[in-house]
Amino acid sequence: MNAPRRRDGDSVGGLLDGSTTFEELRERAIALRKEGMSRRQIRDRLKVSNNDILNRLLEGEPPPEWTKRPNAKDDLRTRAREMRLQGMTYDRIQLELGCSKSSISLWVRDLPKPDRPPRTREEASAIAKRGWEATLRQREIERQRTKLFAAREIGTLTDRELFMAGVTLYWAEGVKDKPHARREYLQFINSDPDAITLHLRWLNLLKVPREHLRLHVSIHESADVASAEKYWADLSGVDVSAFGKTTLKKHNPKTVRKNVGDDYRGCLVVRVTNSADLYRRIEGWWYGIVVGTQSTD
């Protein structure tokens with residue numbers, strides 16, 4: 001399969017062909033913005049892939065509220081001030097809100113200090129421990145919120161975007177040819193199920209026949225081999241009986257390994273037979289990506 005080509009009208013040049021002026025296109029973009037569409041939705045609707053042109057089309061038009069990332073700090077600040085006015089200490093506020101004392105101090109420093117009785121060392125230690133645990137919980141919430149927001153920024157990939165992602169992933173993780181060792185074939189090995197899923201979908205996009213795939217598990221001999229084989233078979237949509245012989249790594253008791261436990265499933269090896277020509281094209285695609293990024297400087 002050849003590299004997927006950019007679709008017709010994927011740039012603004014395809015729209016400004018004499019029948020549509022920039023001003024008319026801008027009116028359409030602003031109208032879509034006022035309907036509450038995001039930049040990505042407007043880009044897809046108008047087939048405008050150039051960010052500079054999209055910026056010009058939407059210049060001066062504010063984004064809809066739903067696309068704005070909420071500022072959790074504002075809510076925390078308001079709540080902290082309310083709690084301080086109720087006579088709560090920094091420790092109590094930190095315990096309730098899970099934010100740092102330095103932030104609390106900054107938010108409420110203009111408010112009067114509450115009277116509080118002296119506490120024992122044990123009480124102080126217990127409060128500090130609860131405060132730290134609350135801080136860790138809040139950090140985890142913020143960490144997951146950031147990841148979720150970033151994931152939503154990606155949206156659904158086009159075939160071309162999947163193609164580019166697959167080439168980049170393979171060149172980072174797949175087997176590559178070397179001058180001292182001819183390896184003109186496709187082989188991808190990874191323990192990350194998401195990376196394996198993306199790789200298999202990429203191979204499907206390239207129309208690699210399923211009968212050309214050779215899959216097997218590579219795992220330490222001390223692990224639950226049968227469970228790992230079933231896991232990778234379910235993920236790849238291939239029956240366990242179709243897998244090749246599992247590669248077992250000898251266990252060294254002197255080595256302190258972190259990849260242990262029920263969630264350790266080793267790696268899945270995905271090899272494509274008769275893939276020399278496809279490998280050469282992948283290498284060419286990768287160099288095309290490299291040259292393409294240099295030409296944008």
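Given the structure is predicted, the values throughout are model-derived calculations rather than measurements.
A donor-acceptor pair shorter than 3.5 Å cannot be found between the side chains of Glu82 and Gln86. Defined by atom type and a distance below 3.5 Å, a donor-acceptor pair is present between the side-chain atoms of Arg39 and Asn55. Side-chain polar atoms of Asp91 and Thr89 form no donor-acceptor pair below 3.5 angstrom. Between the side chains of Ser100 and Gln94, no donor-acceptor pair is found at a separation under 3.5 Å.
Under 4.0 Å is where a charged nitrogen must lie from a carboxylate oxygen, and between Glu184 and Arg280 at least one such pair does. For the pair Asp52 and Arg56, the salt-bridge criterion is not met [side-chain N within less than 4.0 Å of a carboxylate O]. We find that Asp110 and Arg81 are joined by a salt bridge, their nearest charged nitrogen and carboxylate oxygen being less than 4.0 Å apart. Looking at Glu96 and Arg92, a side-chain N of the basic residue comes within less than 4.0 Å of a carboxylate O on the acidic one, giving a salt bridge.
Atom NZ of Lys176 is surrounded by more than 12 heavy atoms from other residues, nucleotides or ligands within 6.0 Å. More than 12 heavy atoms of other residues, nucleotides or ligands sit less than 6.0 Å from atom CZ of Arg40. More than 12 heavy atoms of other shown residues, nucleotides or ligands fall within 6.0 angstrom of atom CZ in Arg182. The number of heavy atoms from other shown groups lying within 6.0 Å of NZ (Lys249) is above 12. Counting heavy atoms of neighbouring residues, nucleotides and ligands inside a 6.0 Å radius, atom CZ of Arg130 exceeds 12 of them.
What you find for Ser218 and Val269 is that their closest heavy atoms are CB-CG2, 4.3 Å. Across all their heavy atoms, Val238 and Arg210 have their closest contact at CG2-NH2, 3.4 Å. Ser191 and Gly266 make their closest contact through CB-O, 3.4 Å (heavy atoms, listed as atom of the first residue, atom of the second, distance). Considering all non-hydrogen atoms of both residues, Asp177 and Tyr279 come closest at N-OH, 2.6 Å. Across Ala29 and Ile42, no two heavy atoms sit closer than the pair O-CD1, 3.9 Å.
Counting heavy atoms from C-beta outward, Leu46 and Leu32 have side chains that approach closer than 4.5 Å. Using a 4.5 Å heavy-atom threshold, the side chains of Ile219 and Thr247 count as separate. Between Pro193 and Tyr231 there is a side-chain heavy-atom pair separated by less than 4.5 Å. Looking at Leu248 and His220, their side chains never come closer than 4.5 Å, going by heavy atoms from C-beta outward.
Using bins of under 30°, 30° to 60° and over 60° for the plane-to-plane angle, the ring pair Tyr170/His199 lands in the parallel bin. In this structure, Trp286 and Trp171 have parallel ring planes: the angle between them is below the 30° cut-off, well short of the 60° mark.
The cationic group of Arg271 does not satisfy the cation-pi geometry with Phe188, failing either the under 6.0 Å distance to the six-membered ring centre or the 45° limit from the ring axis.
Checked by atom type and distance alone, the side chain of Ser275 pairs as donor or acceptor with a backbone atom of Val272 at under 3.5 Å. Judged by distance alone, with hydrogens and angles left aside, the side-chain atoms of Glu140 form no donor-acceptor pair with the main-chain N or O of Arg137 at under 3.5 Å. Of the possible polar contacts, none joining the Ser105 side chain to the Lys101 backbone as a donor-acceptor pair under 3.5 Å is found.
Aromatic rings of His216 and Phe243 (six-membered ring for Trp) have centroids beyond the 6.0 Å cut-off, not under it.
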